[in-house]
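Please read the structure below before turning to the comments.
Numbers restart at 1 for each chain; the letters A, B, ... are given by sequence-line order, proteins then strands.
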Amino acid sequence: MTTVRTRFAPSPTGYMHIGNLRTALYAYLIARTMNGKFILRIEDTDQERLVEGSVEVIYNTLKLVGLEHDEGPDIGGPFGPYVQSQRKSIYQEWAEKLIARDGGYYCFCSKEKLDSLRQEAGGNITAVKFQDPCRDLGPEEAKKRAASGEPLVVRQKIPRGGSTSFDDLVYGTVTVENSTLEDGILLKSDGLPTYNFANVVDDHLMQISHVIRGSEYLSSAPKYNLIYQALEWEIPAYIHLPLIMKAAGKKLSKREGDASFEDFYNQGYLKEAIVNYITLLGWNPKDDREMFSLDELKKVFSVAGLNNSPAIFDVEKLQWMNGEYIRKMTPEIFYEAALPWLQKAIHRADIDLRKLSGLLQQRTVVLSDIPARVDFIDVLPEYSKDMFVNKKAKTDLVNSLEYLKTCQAELEKLGSWDHETIKQALYAMVESLGVKANTFLTPLRIALSGREVTPGGATELAEILGKAETLQRIKNGITKLTQL
RNA sequence: GUUCCCAUCGACUAGCGGUCAGGUCACCACCCUUUCACGGUGGCAGCACGGGUUCGAAUCCCGUUGGGAACGCCA
């Protein structure tokens, strides 16, 4: 049995789309679970679409999420070069061979000429009736015109009759009539191949055993098979993947924001959560398990679990999963992850960010939520005294003032300022006043934060803010409640 | 328009002729609780429609409808 070789072949056009990442992930997992090789190839045959720095984005993203390739432009390998723009002569050579085997032909028609021919063919764009006049040029004449330097393009010569089918590991057998296929361009006038040709040549030459790509290629796959056949090449196994869509049946698009890996990553989603989530978009382990690390996936992933219907990317579930990963972190690791976000909102030097991070861990879903949750620590926000009125806590303007004064008096007496001391002092008051802790502590929490919702309760906030600041904010609250 | 693909709760999915149609997210309720979360318990909710095949269809076939994709000197 030949060794399994899969490839991820992105074009360097900017960002790592989430669907592309998933394709890379599956290709990687299939290689790893089958003891094969995972190859990275850069498809940059469209010189106009090149975006500077995007190859680096590809390298960085793959590395960041842990998809290590065995062969690629940066690390070489026995089938290089792995950048298509550096393989120009290879495609030209095979294009000639394809022509010799009657699988392709030179076309000298200008774009304008063909457009008008299409018009004449009935006004519609159906390829069915379109006949390229160059298709039936004699070989000698074609060669002569080519040699004379006339601008040309190489087109695929699709058989006029019959049908072509191929087997896909997730979609089954797909058949199309050859009459619906067009004689597409294989080699452009700049001498570089189109994807339609390059992918076939490279996949064959690089001995790719399983071609893994999005289902948008499903309908053109028969054309590729015709090329394989014309060249008498072995046809690889095909694994087409269902598309990932945005809600309302729209394809996930970079234009609409948040569709690239780095967008999510920069928003504070963990790479492990992103990988885990997108893996489940189109694949299932055949049991109820949902949490998988990449290492675990390397063991359990299987083509049999691949799904064939499009999936909608659900940010809410990603958020849930991200929260799961955050809660599983050790406090130390979470602190390190949260630190940059904490520092966005907190500039005071006297705040124990480690303690604050401990408060935050259980309540954080996405790291980017952090700044807005803690910015009251630096500066007490302006707030209305109506906030002291809380039905559930049974607080009103009157008892709030009273409790705040009690807190002030009790806390002032405290010698040390640690959580246990503060809590004991305050709970002693709860006890002696005979009220619910919620009722007694809510006014304090409001006074300390100016917020309805806070990370941690009153005693924890008091500890973090420090004695002086705590008393200052209580005083501020008392003043607010005293004024009419 | 033509061709191809898809169709189970709002979302991701399990199911591959006989199941009370299962799980997860979201949502709702209750419990826990110094707010919010976390955690716990319970609940709501689905086989797009119409024909077949069969003793029996979510499962097989056909059609309809709906959704997606491809039809570039883009990949």
inquiry  = Is it true that Asn438(A) and Thr442(A) share a donor-acceptor pair across their side chains at a distance under 3.5 Å?
reply    = yes
query = Do Tyr217(A) and A70(B) share a donor-acceptor pair, side chain to base, under 3.5 Å?
reply = no
task = Pick base, sugar-phosphate or nothing for Ile185(A), based on heavy-atom distances below 4.0 Å to the nucleic acid.
result = base
request  = Can you figure out which of U3(B), C25(B), U13(B) approaches the side chain of Asn307(A) most closely?
outcome  = U13(B)
ask   = Any donor-acceptor pair under 3.5 Å joining the side chain of Ser189(A) to the base of C73(B)?
value = yes
ask   = Between A75(B), C12(B), C5(B), which one does the side chain of Leu281(A) approach most closely?
value = C12(B)
task = Go through the steps to decide whether Tyr224(A) and Asp203(A) satisfy the test side-chain hydrogen bond (donor to acceptor under 3.5 Å, both in side chains), and finish with yes or no.
result = CA-CA 11 Å; Tyr224(A) 308 148; Asp203(A) 284 343; over 6 Å; no
query = Considering only G68(B), C5(B), C74(B), which nucleotide approaches the side chain of Met245(A) most closely?
reply = G68(B)
ask   = Rounded to the nearest Å, what distance is computed from the OH atom of residue Tyr15(A) to the C1' atom of nucleotide A75(B)?
value = 19 Å
request  = Encode nucleotides 34-44 of chain B as B, S and - characters from 5' to 3', where the letter depends on protein heavy atoms closer than 4.0 Å: B to the base, S only to sugar-phosphate, - to neither.
outcome  = BBBSSS-----
query = Which one, A7(B), U24(B), A75(B), comes nearest to the side chain of Tyr195(A)?
reply = A75(B)
ask   = Any idea which of A75(B), C5(B), A14(B) is nearest the Ser11(A) side chain?
value = A75(B)
inquiry  = Which nucleotide, if any, forms a Watson-Crick or G-U wobble pair with G50(B), using both distances under 3.5 Å?
reply    = C62(B)
ask   = Could you give the CG-to-C1' distance, from Asn322(A) to A26(B), as a whole number of Å?
value = 16 Å
task = Please round to the nearest 0.5 Å and tell me the distance separating atom CD1 of Ile474(A) and atom CG of Leu471(A).
result = 5.5 Å
